[in-house]
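Residues take their numbers from the sequence shown, with the count starting at 1. Any value given below was found using the heavy atoms of this structure, including those in side chains, with hydrogens, waters and symmetry copies removed. Computed from a prediction, not measured in an experiment: that's the story for all the values here.
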Amino acid sequence: MTRRFVGRATALIAATAAAALVLTGCAASQSVASSNAGGDPVPGGTLRFAVLDAPANLDPHSGSSYPESLITSNISDKLVYQNPESGALEPWLATSWDVNENLTEFTFHLRNDVTFSDGTPLTADSVKENFDLLGFGNKELGVVPVSAYWGGYVGTEVIDPSTVKVTLDKPSAGFLQGLSMYFAGILGHSTLQLRKEDRALPQNIVATGPFVVTEHVYQEKTVLTKREGYNWAPASRGHNGDAYLDSVEVVVIPEAGVRTGALRAGEVDAILDVNTTDEAPLRAEGYQIVPQLIPGRDIAFDFKTDLFPTNQLAVREAVKLGWSRDALAKTVLTDSYRPSSSVVSERVPGYADFSDQLVEDQDKARQILEQAGWKQGPDGIRVDADGKTLTLSLLAINNLVINKPAFELIQQDLRDIGVDLQLQVLPIPDYQAASKLQGKWNIQVFNTSRSDVAVLEQTYSPLFTNGANITPDNPVRQKAIDTFRAVNETLDPAQRGAAAAAAQDFVLNEEVLSVPVYNPAQVTAANPKVHNVGYEAQSRNVFYDTWIEQG
C-alpha cells in the first residue's frame with residue numbers, strides 16, 4: 001500500500017512537524033528570520049554580500065561548508081522543498097510523491113517544464129543519474145556516496161519520462177527531508193560525467209536554479225548571475241519567475257570588524273557572520289539584523305568514547321555539569337542565539353526540552369570525579385591513580401563568531417573542577433586536516449544542519465558517522481544502533497516523537513555522548529534598502545526573493 005502526497009506538503013509529515021511543535025511548545029516561526037519586506041519589488045541591481053569564509057568547492061553534491069552550500073543553494077533546485085517557517089515538506093521539481101507503508105519506496109512525479117542552465121530538459125533519467133551518484137558514488141570519478149543521509153540506497157527506477165521510484169533496503173522516515181538539503185541539488189548530465197575536481201569548477205556546473213556562477217576567484221569573490229526564464233519556484237516562495245536581482249557578488253572578508261566597516265562605508269550591501277558586539281550598534285544605526293537559528297544538531301562537545309579519559313562516563317558527566325549556561329547566555333550570546341536545551345535545535349520537529357538537566361552543578365561534578373578516582377593535583381588539575389592528568393584535547397572550527405569565546409568560557413569553568421581543556425579552534429581547511437588525526441582529540445565540535453531528527457542516527461549511530469567512536473566491543477553498541485534506528489522507522493507523529501525523545505535522552509543522559517553548547521544562528525546585517533533578506537530551511541542565505549531599492 002502506498003500513500004499519495006500532493007499539494008504543498010505531505011499530510012503525514014506536516015502532522016509530524018506540527019505534533020512535535022505542540023509537544024515542545026515552540027512555534028518554528030519564532031526562530032525564523034524576518035526582514036525588510038515592505039514595498040513592491042524592483043528588479044535589477046547587484047547585491048554585494050560579504051562572508052567570513054571562502055567557498056572552495058562549488059559542486060552542489062559535495063560542497064559541505066557553509067559558504068559552499070550558500071552558493072550551491074542558489075544555483076541548484078531539489079525535488080522537495082522544506083518550508084523554513086513551518087518545517088513542512090512541499091513540492092518543487094517534484095509535483096507529488098507516493099510512499100509505501102514500509103518507508104522503503106518513494107515514487108516521485110516530476111514537473112515537465114524544467115530546464116537546466118544549458119537548455120536541456122529535466123527528465124526522470126536526469127533524476128536517476130543524480131540519485132545513483134548520490135546513493136552509490138563513483139570511484140572512477142572520485143565521487144563518494146552520501147551514505148550518512150541515504151543509508152540503504154538500492155537504486156532508482158525510471159517508470160516513465162516524468163516518474164521515478166527510489167528503493168531503500170531499510171525504512172527512512174528522514175529520506176524526503178534529506179532530498180530538500182543543499183547536497184541534493186539536481187545537476188545536468190554534462191556535470192555528472194566529470195571527475196570530482198572538474199565538476200566543482202564554475203564553468204562546468206549545470207543545474208536548474210535561478211542563478212548561475214559566472215565568476216569565482218578563490219579567497220576573493222564568487223559572482224552569481226540571474227538566469228533568465230526560471231519559472232519553477234516552490235508555491236510558498238515570495239514570487240515565481242526570474243530572480244529580482246541581476247547578480248550577487250559574494251566577497252570574502254575574514255575579519256569581522258572589516259566586514260562591519262565595509263557595510264558602514266557602503267562598500268557592501270549586506271554581511272554575514274556579524275560579530276556579536278556589532279549587532280546592537282548596527283541595529284541602532286538603522287541597519288537590519290536578520291538572524292535565523294540553524295536547525296539540526298547544535299554546536300556540541302562530541303566525546304570520543306574510545307579514547308582516554310573520555311572513555312569514562314564519569315568524565316563525560318562532569319563536563320556536562322561543570323560549566324555555566326547562564327554565563328554563556330549573559331556574556332557571549334546575543335538574542336540571535338540560544339543556549340542549548342537539547343542536542344538538537346528547537347527548530348527540529350521532534351525536539352524535546354532537556355534544559356532542566358543541562359544545568360551547572362560544579363559540586364556534583366567534583367563529587368563524580370572524586371568517586372571515579374580523580375584527585376586534585378598541586379596545580380588544581382586532577383590526576384588518576386596512575387598519575388595521568390585530566391586533560392582533554394578539543395578540536396573545533398572558527399567559522400562561527402561565537403565559537404572561540406564560548407569555548408574559552410567553558411575552559412575556564414572546567415578548570416575550576418580540575419579539568420584541563422586544551423582548545424584548538426581552527427579555520428575550516430586546518431580543521432579538516434586535523435580531524436583526520438586518529439586518537440588525538442577527546443572532543444570534536446561541530447554542528448550538523450538538518451531539520452529532521454534523523455540527524456541523530458546520521459551523527460551518532462555506529463552504522464553511520466559514529467561521532468562518539470562507539471567501538472564494536474562497547475556493550476552499548478547495539479542499543480545505540482537500535483535507539484537511533486527507531487527515529488527513522490515511522491512517520492507516525494506520536495511514535496516518531498517518542499523515538500526522538502528517547503534518542504536525545506540516550507545522547508544527553510544515559511551515555512553522555514555529547515554535551516550541547518549553543519544553538520548557532522546565521523546573522524545577516526543589511527542596508528535598509530535591501531529587501532527580503534532570507535534563508536532556506538537549513539539557514540543558508542537565498543537570494544531569489546531579495547531585491548534592492550534603486551537610486
Side-chain angles (χ1 to χ4, degrees), residues 5 8-10 12-33 64 66 69-70 72-73 77-92 146 148-150 172-185 234 236-237 291-300 337-338 340-353 446-460 464-465 484 487-488 491 493 496-497 499-501 503-504 507 516 518-522 534-542:
F5 302 120
R8 290 188 56 192
T10 75
L12 194 52
I13 292 172
T16 303
L21 295 172
V22 169
L23 284 171
T24 61
C26 168
S29 60
Q30 292 174 339
S31 307
V32 175
S64 58
Y66 187 90
S69 54
L70 181 153
T72 60
S73 292
D77 300 331
K78 294 80 182 172
L79 263 62
V80 177
Y81 178 71
Q82 186 169 29
N83 188 304
E85 294 187 2
S86 68
L89 302 179
E90 304 173 359
W92 195 349
V146 290
Y149 295 87
W150 282 15
S172 182
F175 181 69
L176 286 170
Q177 191 277 335
L179 292 183
S180 73
M181 298 276 292
Y182 52 84
F183 71 87
S236 63
R237 293 298 299 266
Q292 182 168 295
L293 292 175
I294 300 174
R297 209 177 52 84
D298 281 2
I299 290 287
Y337 304 84
R338 302 279 194 280
S340 291
S341 52
S342 182
V343 71
V344 294
S345 165
E346 65 184 52
R347 289 192 59 219
V348 175
Y351 152 87
D353 188 353
F446 59 97
N447 69 300
T448 308
S449 304
R450 186 175 186 184
S451 189
D452 191 280
V453 289
V455 71
L456 294 171
E457 182 179 39
Q458 170 190 334
T459 304
Y460 295 111
F464 290 89
T465 304
F484 296 126
V487 304
N488 249 328
L491 281 173
R496 200 169 195 222
Q504 290 165 78
V507 171
Y518 74 97
N519 191 166
Q522 293 300 338
Y535 305 87
E536 46 84 87
Q538 317 309 318
S539 297
R540 273 64 178 164
N541 291 90
V542 286

Interatomic distance, [X] atom [atom1] to [Y] atom [atom2] [nearest 0.5 angstrom]:
X: S449; Y: Y66; atom1: OG; atom2: OH; value: 8.5 Å
X: S73; Y: K78; atom1: OG; atom2: NZ; value: 4.5 Å
X: D353; Y: Q504; atom1: CG; atom2: CD; value: 9.5 Å
X: S342; Y: D298; atom1: OG; atom2: CG; value: 7.5 Å
X: L70; Y: R540; atom1: CG; atom2: CZ; value: 8.5 Å
X: S345; Y: I299; atom1: OG; atom2: CD1; value: 12.0 Å

[X] versus [Y]: any side-chain heavy-atom pair under 4.5 Å?
X: Y535; Y: Q522; result: yes
X: T448; Y: Q458; result: yes
X: S180; Y: Y81; result: no
X: V343; Y: Y460; result: yes
X: R347; Y: S539; result: yes
X: F484; Y: V453; result: no

Handout entry: side-chain contact (heavy atoms from CB on, under 4.5 Å) between Q177 and V455, worked out
Key = CA-CA 11 Å; Q177 191 277 335; V455 71; over 6 Å; no
State, to 0.1 Å, how close [X] and [Y] come at their nearest heavy-atom pair, and which atoms those are.
X: I294; Y: Q538; value: CG2-O, 4.0 Å
X: A537; Y: P295; value: O-CG, 3.1 Å
X: V487; Y: A499; value: CG1-O, 3.6 Å
X: S64; Y: Y182; value: O-OH, 4.0 Å

Are any side-chain N or O atoms of [X] and backbone N or O atoms of [Y], one a donor and one an acceptor, separated by less than 3.5 Å?
X: N488; Y: G174; result: yes
X: Q292; Y: E536; result: yes
X: N519; Y: S340; result: no

Practice task
Check the pair Q82 / E90 against side-chain contact (heavy atoms from CB on, under 4.5 Å), numbers first and verdict last.
Solution key: CA-CA 6 Å; Q82 186 169 29; E90 304 173 359; over 6 Å; no
Practice task
Show your reasoning for whether side-chain contact (heavy atoms from CB on, under 4.5 Å) applies to S341 and Y351.
Solution key: CA-CA 9 Å; S341 52; Y351 152 87; 2.6 Å; yes
Problem - salt_bridge(D452, R496) N-O dist < 4.0 Å - result: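 Yes, D452 and R496 are salt-bridged.
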Practice task
Test the R450-Y149 pair against the cation-pi criterion, namely NZ or CZ under 6.0 angstrom from the six-membered ring centroid and within 45° of the ring axis.
Solution key: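 Not flagged: R450 not positioned over aromatic ring of Y149.
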Problem - Chi angles and distances behind the side-chain contact (heavy atoms from CB on, under 4.5 Å) call for L456, F464 - result: CA-CA 10 Å; L456 294 171; F464 290 89; over 6 Å; no
